[in-house]
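Hydrogens, waters and symmetry mates play no part in the numbers below; they use all other heavy atoms, side chains included.
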Amino acid sequence: MPTSQKVEQAWETPSHDDIPTISRMHVQALETMTADEVWVQAGMHHVLLQVVGRKSGNIQKVALPTWNDPDGHRIVVASFAGATAHPAWYVNLRDREANPEVFCKVQRGAFWSVPQLLHGDDCAPAWQ
């Protein structure tokens, strides 16, 4: 098993306008299939994250690539392909007083989790 989780980007990042459509299609596929072709994209394993909207109360689902930190904890990055604003799912995690848990579906299972948001120096070990 490889020890490095680094992925060399060999694809063009979709535009910010295209990402929501691509994400919706990926979420649909993750909800209905367990094949590696769906769950492992561009060499990265994915998680289907389900959060509750902090204002709407609606369930929101997003497909995200995931990596493991040195302790085996899953890490996701709220980047929205380098956008200047945080993605909505991250804002809902950050402001989750009413709904501290999130539902996570992985290729062969599902679980509830209380996410830990990393900031500042806490990010350095995860980035390595």
Side-chain angles (χ1 to χ4, degrees):
M1 177 182 284
T3 56
S4 174
Q5 299 177 72
K6 184 176 181 179
V7 174
E8 294 296 331
Q9 184 169 331
W11 64 92
E12 189 171 322
T13 300
S15 72
H16 293 154
D17 291 336
D18 291 339
I19 290 173
T21 301
I22 294 168
S23 185
R24 279 191 297 275
M25 292 186 312
H26 197 187
V27 165
Q28 288 176 334
L30 294 175
E31 288 184 311
T32 59
M33 297 182 241
T34 60
D36 283 350
E37 293 80 14
V38 174
W39 285 91
V40 182
Q41 296 286 313
M44 297 175 285
H45 288 270
H46 281 67
V47 62
L48 177 60
L49 189 69
Q50 180 177 296
V51 298
V52 177
R54 68 195 187 291
K55 293 179 183 176
S56 69
N58 295 332
I59 293 174
Q60 299 174 338
K61 298 175 185 177
V62 63
L64 298 168
T66 182
W67 299 266
N68 292 328
D69 73 5
D71 296 323
H73 300 113
R74 286 184 178 92
I75 303 289
V76 297
V77 177
S79 70
F80 196 67
T84 55
H86 292 300
W89 66 265
Y90 171 80
V91 176
N92 287 326
L93 281 183
R94 184 189 64 201
D95 301 338
R96 66 188 191 280
E97 291 177 28
N99 299 293
E101 291 186 313
V102 296
F103 185 72
C104 303
K105 182 175 179 182
V106 292
Q107 188 172 12
R108 291 188 170 62
F111 55 92
W112 286 93
S113 179
V114 177
Q116 177 185 2
L117 303 181
L118 302 178
H119 302 281
D121 292 340
D122 293 336
C123 294
W127 280 116
Q128 292 193 22

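Shown here is Asp121, whose CG atom has no more than 12 heavy atoms of other residues, nucleotides or ligands within 6.0 Å. For Leu117, the CG atom sits in a packed shell: over 12 heavy atoms of surrounding residues, nucleotides or ligands are nearer than 6.0 Å.
Annotation for Val76 and Pro65: closest pair CG1-O, 3.5 Å, computed over non-hydrogen atoms. Taking both residues in full, the closest heavy atoms of Cys104 and Val47 are given as CB-CG2, 3.9 Å, listed atom of the first, atom of the second, then distance. Considering every non-hydrogen atom in both Gln107 and Ala35, the closest pair reads NE2-C, 3.6 Å. Of all the heavy atoms in Pro115 and Pro100, the pair that sits closest is CD-O, 3.6 Å. Contact detail for Trp112 and Glu101: the closest heavy-atom pair is CE3-CB, 3.8 Å.
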| said: If you apply the rule side chain to side chain contact (heavy atoms under 4.5 Å, CB included), what do you find for Arg54 with Val91, and how did you get there? | reply: CA-CA 8 Å; Arg54 68 195 187 291; Val91 176; 3.2 Å; yes

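Looking only at distances, no side-chain donor or acceptor of Trp67 sits under 3.5 Å from a matching main-chain atom of Met44. Checking side-chain atoms of Asp71 against main-chain N and O of His73 turns up no donor-acceptor pair under 3.5 Å. Here the side chain of Asp36 pairs no donor or acceptor atom with the backbone of Val40 at under 3.5 angstrom.
Proximity of His86 to Arg94: side-chain heavy atoms (C-beta onward) are separated by under 4.5 Å at one or more points. Considering only heavy atoms from C-beta on, Val106 comes within 4.5 Å of Arg74 through its side chain. Between Val38 and His46 the shortest side-chain heavy-atom distance does not fall below 4.5 Å.
Shown are Val27, Val102, Thr66, Asn92; of these, the side-chain contact (heavy atoms from CB on, under 4.5 Å) with Leu49 is made only by Val102.
If you chain together hydrophobic residues whose side chains sit under 4.5 Å apart, Val51 and Phe111 fall into the same group. Linking ILVMFWY side-chain heavy atoms closer than 4.5 Å, directly or via other members, places Trp89 and Leu48 in two distinct hydrophobic clusters.
With sequence neighbours excluded, no residue satisfies salt bridge (charged side-chain N to carboxylate O under 4.0 Å, His left out) with Arg24. Judged as a salt bridge (charged side-chain N to carboxylate O under 4.0 Å, His left out), and not counting sequence neighbours, the contacts of Glu31 are Lys61.
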